[in-house]
Asker: 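I'd like to ask you about the structure that follows.
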Amino acid sequence: LIFDLKNVNPEADVSVKLVSESGVGTVAAGVVKARANTVLISGSDGGTGASPLSSIKHAGGPWEIGLAETQQTLILNNLRSIIKIQVDGQIKTGRDVIIGALLGAEEFGFATSILITLGCVMMRKCHKNTCPMGIATQDERLRDLFKGAPEHVVNFLHMVAEEAREIMAGLGFSKMDDLVGRSDLLEMEDAIDFWKSKGIDFSRIFYNPFVYNPGTDNTNVSRRKTDFQPSAVDDVLDRLLIKKAENALSSGEKVELDIKVKNSYRTIGTMLSGEIAKRYGNAGLKEDTITARFDGSAGQSFGAFGAKGLTMILTGEANDYLGKGLSGAKIIVKPHDDCRFNPSENIIAGNVLFYGATSGEAYIYGMAGERFAIRNSGANVVVEGVGDHGCEYMTGGRVVVLGDTGINFAAGMSGGIAYVFDPKQKFDGKCNLEMVDLETVTDTDDIKELKEIIERHLEYTNSKKAQHILETWEESLPCFVKVFPMEYRKVLGKMIIEDEKTERQEIQHG
């Protein structure tokens with residue numbers, strides 16, 4: 001994901017949020033090696049007002065423990081100088097800021113305390129549109145009740161900064177940079193005689209590689225960010241694509257490209273799409289302005305965030321995350337003409353295809369893996385078979401499956417429509433019917449839409465299965481199952497009833 005984001009916008013910094021828990025330092029080291037610019041260690045305290053209490057109370061551990069482990073791990077692996085560490089989790093005072101800095105943080109996240117200064121009373125009803133303070137609501141009557149002002153936040157943060165400056169002065173520091181990573185200045189208050197504090201050992205949190213390894217050569221090791229994170233996208237294939245497609249990018253002239261690929265070429269087309277978005281915004285280019293033909297085995301995230309005006313034709317096979325976040329591009333994946341197997345019965349693309357796609361279209365001549373088109377919200381996609389969890393959490397678009405599906409199809413699907421070719425009549429046992437209904441395709445508009453999509457699939461891929469279905473349309477049409485979300489009012493009504501029931505139970509149990 002970091003690599004994908006760096007491709008779509010090479011100038012952007014990428015921040016990765018990690019929950020404070022045992023082992024977080026190792027994960028943070030991996031994040032640094034994956035070329036992230038900031039790592040955020042988030043403590044168990046805090047959480048949004050919309051989160052269930054059970055989630056808030058059982059999400060990781062104290063930020064101090066995760067922050068200390070992360071700082072120590074990065075220093076010991078000589079990685080600390082190229083990453084910025086941020087921390088959050090009920091940071092409220094200047095003292096919290098100083099402790100965070102001493103443990104290794106350079107940036108600090110304030111959320112709950114800022115909300116309180118704006119008038120929040122922590123009703124924890126943010127998701128119900130009934131916030132009595134007018135903060136988390138779209139109701140105009142409630143929004144009129146909002147009494148917060150920017151000056152309240154400014155005043156609060158000024159007081160936090162003043163307290164932090166007083167503590168820094170007491171420690172003999174004038175700059176925060178000198179304070180970062182000085183955990184040797186922390187100590188436990190032994191005078192507190194309380195049963196909960198007996199037996200607590202903070203030595204691992206206070207451990208400082210610089211202080212406790214005096215014989216170690218620390219000349220080139222830093223306690224804070226001092227260097228730039230090396231780029232991961234200087235030599236990607238898209239640099240060549242952008243150069244070859246310059247006429248299309250600058251003047252809208254049609255361009256055709258032919259490229260050989262291998263599976264070490266990841267995220268092909270993403271940087272090119274980012275360039276289209278920079279110059280033309282969400283409108284993109286005219287359809288098929290840039291037609292890029294690829295031959296071989298494409299690596300992960302082929303066509304991720306593909307922008308409008310880009311057509312990507314892959315002859316070969318694709319790995320996972322094909323078309324992730326598709327944003328208007330057209331993607332076609334098909335086998336070579338001389339293949340000696342039946343494409344409709346073989347995997348041609350990996351898992352998690354078209355995750356979060358918002359627009360565009362794709363035609364896959366072959367089967368795909370698991371989690372196909374999950375969170376699709378607007379793309380039209382055709383495939384000839386999928387694994388488990390297809391169309392999970394889908395909210396829009398059209399998906400046509402000209403073959404078998406795995407189990408749990410359409411789980412959490414709240415929008416869009418899927419058409420599944422089911423001549424064996426086994427699909428209803430594989431579909432998750434909690435939020436969707438099934439019916440045969442009888443509506444005139446649905447029939448027209450389905451046929452047009454399959455015709456385009458045949459045109460772009462020369463699929464034998466699509467050809468057979470169209471040639472026997474009268475016999476094939478009854479074999480299609482239309483998967484569509486239940487009426488929204490019913491789902492919403494059920495949710496409201498369940499929420500009220502849960503509230504009554506909570507009141508009864510105190």
Side-chain angles (χ1 to χ4, degrees), residues 1-14 232-234 236-259 261 265-294 298-315 318-333 349 352-364 373-382 394-399 416 453 456 460:
L1 176 57
I2 295 169
F3 187 74
D4 294 345
L5 295 173
K6 290 278 187 178
N7 270 274
V8 78
N9 188 354
E11 285 77 40
D13 286 347
V14 175
V233 295
D234 283 343
V236 295
L237 179 63
D238 271 53
R239 300 283 185 185
L240 175 63
L241 299 182
I242 291 171
K243 199 173 291 185
K244 289 190 172 186
E246 182 55 39
N247 289 344
L249 293 170
S250 58
S251 61
E253 177 187 326
K254 287 204 170 189
V255 172
E256 295 193 7
L257 311 173
D258 288 285
I259 308 287
V261 295
Y265 295 163
R266 294 183 293 150
T267 322
I268 300 171
T270 299
M271 190 179 291
L272 176 58
S273 296
E275 198 65 29
I276 294 172
K278 277 182 192 173
R279 302 192 192 193
Y280 298 96
N282 196 44
L285 294 165
K286 291 182 180 179
E287 188 175 0
D288 300 328
T289 300
I290 302 173
T291 301
R293 295 181 177 86
F294 302 91
Q300 289 185 348
S301 301
F302 179 84
F305 310 112
K308 189 175 180 182
L310 175 61
T311 298
M312 304 179 69
I313 304 170
L314 173 63
T315 304
N319 269 274
D320 296 344
Y321 306 112
L322 168 76
K324 174 201 289 186
L326 189 67
S327 303
K330 185 191 300 174
I331 296 178
I332 298 155
V333 182
V352 202
L353 274 55
F354 308 104
Y355 176 85
T358 58
S359 58
E361 51 188 318
Y363 304 92
I364 314 299
I374 61 172
R375 297 195 184 277
N376 173 32
S377 63
N380 294 342
V381 185
V382 185
M394 181 166 145
T395 60
R398 299 290 183 268
V399 170
I453 293 174
R456 286 199 295 273
Y460 292 128

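Just so you know, these numbers use all the heavy atoms, side chains as well, and skip hydrogens, waters and symmetry mates. Quantities reported herein were computed from a predicted structural model and do not represent experimental measurements.
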Asker: I want to check something: taking the side chain as every heavy atom from C-beta on, are D320 and V352 in contact at a cut-off of under 4.5 Å?
Answerer: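 When only atoms from C-beta onward are counted, V352 and D320 do not touch, as no gap falls below 4.5 Å.
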Asker: Looking at CZ of F305 and CG of L5, how far apart are the two atoms once the value is rounded to the nearest 0.5 Å?
Answerer: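 Going from the CZ atom of F305 to the CG atom of L5 covers 5.5 Å.
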Asker: Given 3.5 Å as the limit, does a donor-acceptor pair link the side chain of T358 with the main chain of A379, or not?
Answerer: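 Judged by distance alone, no pair lies under 3.5 Å.
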Asker: Say you draw a straight line from OG of S273 to CG of N7; how long is it, rounded to the nearest 0.5 Å?
Answerer: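 S273 OG to N7 CG: 10.0 Å, rounded to 0.5 Å.
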Asker: As an exercise, state the distance from CG of L240 to CD1 of I268, rounded to the nearest 0.5 Å.
Answerer: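 L240 CG to I268 CD1: 11.0 Å, rounded to 0.5 Å.
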Asker: Specify the closest pair of heavy atoms between G299 and N319, including all atoms of both residues, with the distance to one decimal.
Answerer: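 Scanning both residues completely, I find the closest heavy atoms to be C-CB, 3.7 Å.
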Asker: Do you know which two heavy atoms are closest between L310 and G269, and how far apart they sit?
Answerer: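 Closest heavy-atom pair between L310 and G269: CD2-O, 4.0 Å.
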Asker: Ignoring hydrogens and geometry, is there a side-chain-to-backbone donor-acceptor pair from S377 to A357 under 3.5 Å?
Answerer: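 Checked: pair present.
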Asker: Any idea which heavy atoms bring R456 and E361 closest together, and the distance?
Answerer: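 Taking R456 first and E361 second, the nearest heavy atoms are NE-OE1, 3.7 Å.
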Asker: Any donor-acceptor pair under 3.5 Å linking the side chain of D238 with the backbone of T270?
Answerer: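 Answer holds: yes.
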Asker: Whether the side chain of T289 engages the backbone of A248 through a donor-acceptor N/O pair (distance < 3.5 Å, no angle test) should be reported.
Answerer: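 Answer holds: no.
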Asker: Return yes when atom CG of N247 has more than 12 non-hydrogen atoms of other residues, nucleotides or ligands closer than 6.0 Å, and no otherwise.
Answerer: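 Yes, because the 6.0 Å sphere around CG of N247 holds more than 12 heavy atoms from other groups.
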Asker: Working to the nearest 0.5 Å, report the span between CD1 of I331 and CG of L326.
Answerer: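 Answer rounded to 0.5 Å: 5.0 Å.
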Asker: Looking at K278, I want to see if its NZ is surrounded by more than 12 non-hydrogen atoms of other residues, nucleotides or ligands under 6.0 Å.
Answerer: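 Enclosed.
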Asker: Please examine the side chains of K330 and Y460, heavy atoms only from C-beta on, and report whether any two atoms are closer than 4.5 Å.
Answerer: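 Counting from C-beta outward, Y460 and K330 do come under 4.5 Å.
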Asker: Take atom OH in Y363; do more than 12 heavy atoms of anything else shown fall under 6.0 Å from it?
Answerer: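 Yes, OH of Y363 has more than 12 neighbouring heavy atoms, counting only those of other groups under 6.0 Å.
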Asker: Determine the minimum heavy-atom distance between S250 and R279, stating which atoms define it.
Answerer: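 Between these two residues, the closest heavy atoms are N-NH1, 3.7 Å.
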Asker: Salt-bridge test for K243 and E275: reply yes if a basic N is under 4.0 Å from a carboxylate O, no otherwise.
Answerer: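 No salt bridge links K243 with E275.
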Asker: Is the shortest heavy-atom distance from the side chain of I364 to the side chain of F354 under 4.5 Å?
Answerer: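 Yes. Closest side-chain heavy atoms under 4.5 Å.
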Asker: Using side-chain heavy atoms (C-beta onward) and a distance below 4.5 Å, is I313 in contact with T291?
Answerer: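 Contact flag for I313/T291 side chains = yes.
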Asker: I453 and R398: which non-hydrogen atoms are nearest, and at how many Å?
Answerer: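 Looking at all heavy atoms of both residues, the closest pair is CD1-CB, 4.2 Å.
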Asker: Can you tell me how far OG of S327 sits from CD1 of I276, rounded to the nearest 0.5 angstrom?
Answerer: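 Spacing of CD1 (I276) from OG (S327) equals 11.0 Å.
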Asker: Below 4.5 Å, heavy atoms only, C-beta onward: do D4 and R266 meet side chain to side chain?
Answerer: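 Of all side-chain heavy-atom pairs linking R266 with D4, none is under 4.5 Å.
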Asker: Please confirm whether the backbone N or O of E256 pairs with a side-chain atom of R293, one donor and one acceptor, at under 3.5 Å?
Answerer: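 Absent.
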Asker: For G396, does its backbone N or O pair with a side-chain atom of N376 as donor and acceptor, under 3.5 Å?
Answerer: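 Judged by distance alone, yes, a pair lies under 3.5 Å.
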Asker: Are the side chains of P10 and M271 in contact, using a 4.5 Å heavy-atom criterion?
Answerer: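 Yes; the side chains approach each other to less than 4.5 Å.
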Asker: Locate the shortest heavy-atom distance separating L353 from Y321; write the atom from each residue and the value.
Answerer: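 The answer is CD1-N, 4.4 Å.
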Asker: Does the separation of the ring centres of F294 and F302 fall below 6.0 angstrom?
Answerer: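 That pair passes the under 6.0 Å test.
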Asker: Could you give the distance from CG (D258) to NZ (K244), rounded to the nearest 0.5 Å?
Answerer: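 Here the interatomic distance stands at 8.0 Å.
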Asker: Scan L272, T267, V261 and name whichever one has a side-chain contact (heavy atoms from CB on, under 4.5 Å) with L237.
Answerer: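 Going through L272, T267, V261 one by one, the side-chain contact (heavy atoms from CB on, under 4.5 Å) with L237 is satisfied by V261 alone.
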